[in-house]
Amino acid sequence: MTVPESFQQFVLPTYGRFPLVPVRGEGTRLWDENGRSYLDFCTGIAVCSLGHAHPRLTEAICKQAATLLHVSNLYQIPQQAELARVIVEDHVKVPGKVFFSNSGAEANDGLVKTARRFGHQRPQADGSPRYEVLTFNQSFHGRTLGGIAATGQDKVKEGFDPMLPGFRHLPFNDIAALQNAIRPETVAILLEPIQGEGGVNVVKADFLTAIAELCRKHDLLLFFDEVQAGFGRCGDAMAWRTISPDLHVDGISWAKGMGGGVPIGAFWVSDRAINDAGTALSSLMGPGSHGSTYGGNPLVCAASLAVLAEITEKDLAGNARRQEQRIRETVAAWNLPIVTEVRGKGLLLGIGIDASKVEVPTGKTAALVLVNKAMELGLLIVPAGPETIRLLPPLNVTDAEVDEALAILREVLATLEGPGVRG
Ligand SMILES: Cc1ncc(COP(=O)(O)O)c(C=O)c1O
């Protein structure tokens with residue numbers, strides 16, 4: 001039985017999978033079962049920040065696995081304490097506390113639970129708790145029941161009614177709509193500073209300023225979902241700082257790139273006082289309020305410590321900014337009519353495609369056609385919505401690898417059938 005045949009027979013068909021069977025990776029390269037190599041600008045969808053089989057990460061994992069793989073969160077796990085310290089002191093740089101989950105969706109669930117606790121502490125005028133979290137159209141916050149309720153895309157909710165109540169989705173970057181949407185039960189605003197799955201849409205600085213003002217005025221919590229965008233990918237440890245550096249944030253969620261491939265997520269909650277008595281926001285999630293068997297175990301924390309140390313010491317956020325510039329300049333120089341724009345920050349970049357210039361088979365999208373053609377030529381990229389392709393190379397990608405990937409991409413675009421592409 002081939003691997004795809006085993007998938008068909010034994011694995012729930014929740015993903016439309018490409019036929020690729022990856023078996024080995026090194027740096028930005030991935031090899032399939034037939035020994036063919038690919039340049040990996042997908043990286044497990046923004047997960048492998050250091051590329052594949054990075055020696056520092058591999059060593060940290062092997063060493064920790066040989067020492068102590070897992071113990072309960074009933075005990076004081078040194079690697080977890082150190083990782084929380086590094087995240088708070090070196091990356092967020094605002095006093096607060098961290099909870100470790102296993103995924104991004106779980107991290108977002110934790111933020112939503114924090115918002116609800118806050119809504120009990122700071123209720124509506126009639127004493128009933130506030131609970132409503134505002135999110136945005138085209139957002140993606142994960143696949144748990146909380147995650148799909150928070151997500152501003154109908155496709156993730158289909159057939160799963162009734163949704164968890166307490167969410168409303170608003171147009172992204174629309175200040176007036178947000179001002180009008182806040183009501184007595186509203187307690188928090190949750191957004192991706194750069195929407196990844198929804199098409200690589202960057203939040204506008206004035207929208208962020210308006211959000212922060214409304215949060216202050218209406219006593220709302222401001223949460224960022226940096227599951228895809230965080231820890232260097234967008235050119236700064238905190239993606240929101242690339243847009244609005246001085247913002248006051250109450251909570252942040254992460255996963256993906258912080259582990260470089262081990263399943264780890266986290267959310268941070270500010271230590272700021274929420275009342276005159278000085279109650280810290282972070283104290284609302286007290287003993288018994290939340291938990292996870294695996295979350296923050298020695299193995300994943302040791303791995304994440306190695307990943308974050310490498311990102312910091314090698315200034316990989318700086319590399320992300322530099323490569324963004326190189327990619328933008330090269331794509332602009334192609335001057336291809338099929339490219340509508342380049343969006344995003346750092347190495348979370350989307351290239352918008354004029355779908356009218358692509359022959360799209362029924363049931364497929366222009367982005368998918370491009371992704372398949374790129375794979376045929378040895379480059380792995382990902383769609384972000386129907387008309388955007390996404391580039392998510394490792395943060396330590398080299399100039400030569402970026403140039404090689406762009407040459408393939410140029411060929412993909414130039415060989416696509418349809419008017420206006422050739423030449
Ligand atoms: C912004 C964002 N939030 C949450 C998630 C969910 O993360 P996970 O798949 O680890 O649950 C994702 C995954 O793509 C994401 O991009």
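We count ligands from 1, going down the list as the structure has it; atoms in each ligand are counted the same way.
Under the ring pair (Phe, Tyr, Trp, His ring centres under 6.0 Å) criterion, Phe18 pairs with no residue, sequence neighbours left out. Every residue two or more places apart in sequence or in another chain that forms a salt bridge (charged side-chain N to carboxylate O under 4.0 Å, His left out) with Asp271 is listed here: Lys97.
Between Met285 and Gly110, the shortest heavy-atom distance links the atoms CE-O, 4.2 Å.
A ring-centre distance under 6.0 Å is not found for Phe267 and Trp254.
For ligand 1, the protein residues placed under 4.0 Å by at least one non-hydrogen atom are Ser103, Gly104, Ala105, Asn108, Phe140, His141, Gly142, Glu192, Glu197, Asp225, Val227, Gln228, Lys256.
Annotation: ring-ring contact (aromatic ring centres under 6.0 Å, His included) contacts involving residues 184-212, sequence neighbours excluded, comprise Phe136-Phe207.
At a threshold of 4.0 Å, the pair Arg24-Asp32 does not count as salt-bridged, since none of the basic side-chain nitrogens sits closer than that to a carboxylate oxygen.
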